[in-house]
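First up is the structure itself, then whatever we jot down about it.
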2 protein chains.
Amino acid sequence: MLEGKFDEASLLKKVIDAMKDSVKLCNFNCTENGISVQAIDDSRVLLISLLIEAGSFEDYRCDRNIVLGLEMESLNKIIKNGNASDMLTLVAEDSPDALNLIFEDKRRDRIAEYSLKLMDIDQDFLKIEDMKFDAVVNMPSAEFAKICRDMKTLSESLQIIITKDSVKFNSEGDFGSGSVVIKSFTDLEKTEESVRITLEKPINLTFGAKYLNDIIKSTPLASQVTIKLCDKQPALFEYQLPSGYLRFYLAPKFEDEE
Amino acid sequence: MLEGKFDEASLLKKVIDAMKDSVKLCNFNCTENGISVQAIDDSRVLLISLLIEAGSFEDYRCDRNIVLGLEMESLNKIIKNGNASDMLTLVAEDSPDALNLIFEDKRRDRIAEYSLKLMDIDQDFLKIEDMKFDAVVNMPSAEFAKICRDMKTLSESLQIIITKDSVKFNSEGDFGSGSVVIKSFTDLEKTEESVRITLEKPINLTFGAKYLNDIIKSTPLASQVTIKLCDKQPALFEYQLPSGYLRFYLAPKFEDEE
DNA sequence: AGCTATAGCC
DNA sequence: GGCTATAGCT
């Protein structure tokens, strides 16, 4: 049996918001350590890895491993009904045919209870190898989101060039081009505004703007995003949860398709 | 001659907003006591009863009974033009071919005057019997609206089950089901947040979500809604005006059509 | 009242 | 699939 209680429904709300535009159906794997998802987006380009550790919950127990096959759009409908500040409890039997979601108003006697039918989703469990990266950028997630949105107006590709102490986002379009350069920056009072660049080798990679646009749906989850890159390898975009993460792996475009 | 002056145009604005999606054309009956409407919505399911008593006006006079056949969409266009805080005067001759609407800014000399052509609408005056009800629920109108919207994402039917001190709104859909339970609750400081349940017999009725969605357009009119129910009878949903009301009568679905 | 999210339209 | 119009939320 799974029973996980979030102090605030908003955490799961943001997670689903971040994933629902990339993937329609996916398996949520529940174990004693928490809930995890590995999925490939519907266009088969973006790899998504979610981990909500038990520590993200107010209370959490899961006696046996359970796989919950969820339709993201239906789940989203239900989650939107709950108030963001409601307590949210997820409940599933050991061999469930439904996931129960219980929203409780903290102030008074109002309980909303939903049951979502589960799907049998044929989806291999993806093993994601630990990778080594040549460059790591930590920056404000909202700033990264704005850069991606801005550059997308110019071109379908976004080039990321990292040198010793700066990151350049570059976009070459038909009617013009644009670039944004940000430098390492430490704000001791507002650490969430800082930019940190850790570099072993310079990086020059190009990504599909469309997929970055999906990735930045995660912005409300965390004030910072961590971008890890390595030449000719998928880049990792990571948003930290209070206890866990939401990660996206995106392969760069190769020269002949840029 | 009719001459009715609202201190604020917003009252009529909200009334028209609440009705315009249900009924395209309707007769406004003006008498010395005020203005009233009895209409059936375009799908012939929902009965609408409006009463704006003379007391809702700053000044009101109506020497003879006048019927104003109004096209709601045109009226709405005109009313949207006026500022919500403007004073609004309705003027009509004894045998009018138009309704005049005069908006006056309170602070400065700005007068907007509109004339709306009347329609000859063939519509029987409906006599609505006083009914006896087994259960009466008073609750915040915004909360009722949210429940109706939320449940509508799951199913086309909404079941209302009332027991001694709680109301359960229940919805059974294809991909899942949901319910919201609220209990009697008195907030002495914010009385508009209170929930009051008066019960003679338990209630279990099902309504078409589509019509409830029309009814909740009235939410801005009043902080509370009163729902009166009786087995196998149309339910009454009432929003109080400062002096008068907007009421909707909706027949429950019967078992064979649920 | 302004902003954001959604639903219908092109 | 993107955009525009509408409606809900802060």
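Each chain gets a letter, A, B and so on, in the order its sequence line appears, and its residues count up from 1.
Summarising the geometry, the separation between CD on B:E143 and P on D:dC9 is reported as 12 Å, rounded to the nearest angstrom. Separating the NZ atom of A:K24 from the C1' atom of D:dG1 is a distance of 12 Å, rounded to the nearest angstrom. Between the CG atom of A:N213 and the P atom of D:dG1 there is a distance of 14 Å, rounded to whole Å.
Here A:K80 does not reach the OP1 or OP2 of D:dG8: none of its side-chain N or O atoms lies under 4.0 Å away. The phosphate of D:dC9 (OP1 or OP2) has a side-chain N or O of B:R149 nearer than 4.0 angstrom.
Between A:N83 and B:D21, it is B:D21 whose nearest contact on DNA chain D lies nearer the 5' terminus. Each of B:I216 and A:K152 lies near DNA chain D, and the nucleotide nearest A:K152 is the one positioned closer to the 5' end. Along DNA chain C, the nucleotide nearest B:T153 and the nucleotide nearest B:A84 are compared for position; the residue whose nucleotide lies closer to the 5' end is B:A84.
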Dot-bracket pairing map - DNA chain C, Watson-Crick plus G-U, both contacts under 3.5 Å, | cross-strand
||||||||||
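In this structure, B:E8 pairs ionically with B:K106, as a charged nitrogen and a carboxylate oxygen lie closer than 4.0 Å.
Nearest to the side-chain atoms of B:K146 among the listed nucleotides D:dA7, D:dC9, C:dT6 stands D:dC9.
A:I48 pairs in a side chain to side chain contact (heavy atoms under 4.5 Å, CB included) with only one of the listed residues (A:M19, A:R247, A:Q38), which is A:M19.
For the pair A:S141 (side chain) and A:A222 (backbone), a donor-acceptor distance under 3.5 Å is present. For the pair A:D86 (side chain) and A:L88 (backbone), a donor-acceptor distance under 3.5 Å is absent.
Taking the six-membered ring where the residue is Trp, A:F237 and A:F144 present parallel rings, their angle staying beneath 30° rather than reaching 60°.
In terms of heavy-atom proximity, A:L70 sits nearest to A:I121 at N-CD1, 3.7 Å.
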